[in-house]
Amino acid sequence: MIMILIGPPGSGKGTQAQRLEQRLGAVHLSTGNLLRDEIAARSSLGKTAETFMNSGQLVPDQIAVEVVAEHMKRGEPDTDYILDGFPRTTNQAEELDRILEERGLEVGTVVEIHTNDEVLMERLTGRFACANCGEGYHKSFKRPKNDGVCDKCGGVEFEVRSDDREETIRDRLGVYHSETAPILPYYAKRGLLVRVDGEKAMGDVTKEIETILIDGR
Ligand code: AP5
């Protein structure tokens, strides 16, 4: 199963992918996380990507496609994937079809997590994560059970993403509307696209996606 989660920054792609990966026995593949790993490793790919990411722009297609292709090459041929944040341009969507075809696979379901921009700004400016295990939190919607201690690993250091500044968030939202939203018809034409309401509670969004998968759409 290849499932794609498409939605603007903060719509809950990462949150939903994390919740679904264990239940579905699938691998959560986030291009944003893979690129941040490259930046942390100070690789040349990471250095190039960092400039684009810090200014809220997409990294060049070639880089995004390369990280996905490399990651998939390392997995078993029958691995199920939840793709979070890839593809984001028509060119990437076409490249993904090519990568999957080489493995005898195809895109199964594409879920658009629809959320209005005003909601997203509040979500992203309040987001933080455990510096040790990466577990995500929000200062209003999802606080650690014990303040200052990660629920998952007990870590006590937290970090805020460098692209979660208000001005950069505005740029990221603009890029979503101009470059990523236009790929939705690419999947709608093939009958693969379904839309969920990303403004519902996290658990309700998860249930909606699970129902879609069970219904086989
Ligand atoms: P990436 O890391 O993918 O960031 P993004 O798309 O901007 O999305 P986010 O991770 O910010 O949000 P999300 O939708 O995952 O929401 P989350 O679950 O965290 O990409 C970063 C950058 O990398 C890009 O800008 C680009 O430069 C580059 N890049 C990545 N992929 C690329 C590609 N394919 N091509 C080119 N460049 C690429 O939730 C956000 C917050 O809201 C959290 O605090 C969460 O707890 C809360 N929340 C989630 N759902 C709900 C809910 N239902 N109700 C209340 N709160 C909620």
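Any value given below was found using the heavy atoms of this structure, including those in side chains, with hydrogens, waters and symmetry copies removed. All of these numbers come straight from a predicted model, not from anything done at the bench. Order of listing sets the numbers, starting from 1, for every ligand and every atom in it.
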Worked verdict on Arg98 versus Glu94 for salt bridge (Lys or Arg N to Asp or Glu O under 4.0 Å):
CA-CA 6 Å; Arg98 192 187 52 73; Glu94 289 166 357; over 6 Å; no
What verdict does the salt bridge (Lys or Arg N to Asp or Glu O under 4.0 Å) test give for Arg172 and Asp164, after you've listed the backbone C-alpha separation in whole Å, the side-chain angles of each residue and the deciding distance to 0.1 Å?
CA-CA 10 Å; Arg172 287 160 60 202; Asp164 275 349; 2.9 Å; yes
Val110 vs Val194, side chain to side chain contact (heavy atoms under 4.5 Å, CB included): CA-CA, chis, key distance, verdict
CA-CA 6 Å; Val110 180; Val194 285; over 6 Å; no
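When side chains are defined from C-beta on, Ile209 counts as touching Leu20, because their heavy atoms get closer than 4.5 Å.
In the model, Asp171 has no side-chain atom that pairs as donor or acceptor with a side-chain atom of Gln57 under 3.5 Å. A donor and an acceptor atom, one from each side chain of His114 and Asp197, are nowhere located under 3.5 Å apart. A donor-acceptor contact closer than 3.5 angstrom links the side chains of His177 and Asp117. For the residue pair Tyr186 and Asp97, a side-chain donor N or O sits within less than 3.5 Å of a side-chain acceptor on the partner. In the model, Gln16 has a side-chain atom that pairs as donor or acceptor with a side-chain atom of Thr206 under 3.5 Å. Counted by atom type alone, Glu179 and Thr89 present zero donor-acceptor pairs between their side chains at under 3.5 Å. For the 3.5 Å distance criterion, the side chains of Asp163 and Thr168 fail to qualify, holding no donor opposite an acceptor.
Each of the atoms 44 (O) of ligand 1 lies under 4.0 Å from some heavy atom of His138. Interface atoms of ligand 1 facing Leu124, defined by a heavy-atom separation under 4.0 Å, are 11 (O). Of all the atoms in ligand 1, the ones that sit under 4.0 Å from a non-hydrogen atom of Ala64 are 33 (C), 34 (N), 35 (N). Under a 4.0 Å criterion applied to the non-hydrogen atoms of Gly198, ligand 1 contributes the atoms 53 (N). Using a 4.0 Å cut-off to heavy atoms of Lys200, the atoms of ligand 1 that qualify are 52 (C), 53 (N), 54 (N). Atoms of ligand 1 lying under 4.0 Å from any heavy atom of Gln57, numbered from 1 in the order shown and given with element: 26 (C), 27 (O). Each of the atoms 13 (P), 15 (O), 18 (O) of ligand 1 lies under 4.0 Å from some heavy atom of Gly14.
Contacts of Pro9 with ligand 1, taken as heavy-atom pairs under 4.0 Å, involve both backbone and side chain. By the criterion of a heavy-atom distance under 4.0 Å, the side chain of Leu35, and not its backbone, is placed next to ligand 1. Contact annotation: for Pro8 versus ligand 1, heavy atoms closer than 4.0 Å belong to the backbone alone. Contacts with ligand 1 closer than 4.0 Å are made by side-chain heavy atoms of Arg36 only, the backbone lying farther away. Using a 4.0 Å cut-off between heavy atoms, Tyr137 contacts ligand 1 through its backbone alone, with no side-chain atom that close. Here Glu199 has no heavy atoms under 4.0 Å from ligand 1, in either its backbone or its side chain.
In this structure, Tyr137 and Phe128 have parallel ring planes: the angle between them is below the 30° cut-off, well short of the 60° mark.
Among Gln92, Arg88, Glu50, Met202, the residue whose heavy atom lies nearest to atom 6 (O) of ligand 1 is Arg88. When Glu179, Arg19, Arg123, Arg172 are ranked by how near their heavy atoms come to atom 41 (C) of ligand 1, first place goes to Arg123. For atom 28 (C) of ligand 1, the candidate residues are Gln62, Lys142, Met53; the nearest heavy-atom contact is made by Met53. Considering Gly85, Ala17, Ala49, Gly32 only, the shortest heavy-atom separation from atom 34 (N) of ligand 1 involves Gly85.
No more than 12 heavy atoms of other residues, nucleotides or ligands sit less than 6.0 Å from atom CD of Glu106.
At a 3.5 angstrom cut-off on N or O pairs, Gln16 does not count as close to ligand 1. Between Ser11 and ligand 1, an N or O atom pair is found at a separation short of 3.5 Å. Ligand 1 has a nitrogen or oxygen under 3.5 angstrom from a nitrogen or oxygen of Arg127. The N/O atoms of Gly12, backbone and side chain alike, include one that comes under 3.5 Å of an N/O atom in ligand 1. Geometrically, ligand 1 and Pro87 share no nitrogen or oxygen pair separated by less than 3.5 Å.
Scanning all protein heavy atoms for the shortest distance to atom 8 (O) of ligand 1 gives Lys13 NZ, 3.2 Å. The protein atom (non-hydrogen) at minimum distance from atom 37 (N) of ligand 1 is Val59 N, 3.0 Å. Distance from atom 31 (N) of ligand 1 to its nearest protein heavy atom, with residue and atom name: Thr31 OG1, 2.7 Å. For atom 12 (O) of ligand 1, the closest non-hydrogen atom of the protein is Gly10 N, 2.8 Å. At the top of the distance list for atom 4 (O) of ligand 1, counting protein heavy atoms only, stands Arg161 NH2, 3.1 Å. With hydrogens left out, the protein atom closest to atom 18 (O) of ligand 1 is Thr15 OG1, 2.5 Å, a heavy atom.
Under a hydrophobic-cluster definition in which Ile, Leu, Val, Met, Phe, Trp and Tyr are linked whenever side-chain heavy atoms come within less than 4.5 Å, directly or via other members, Met3 and Val205 are assigned to the same cluster.
For the pair Ser178 (side chain) and Gly174 (backbone), a donor-acceptor distance under 3.5 Å is present. At distances below 3.5 Å, not a single donor-acceptor pair connects side-chain atoms of Arg127 with backbone N or O atoms of Arg123.
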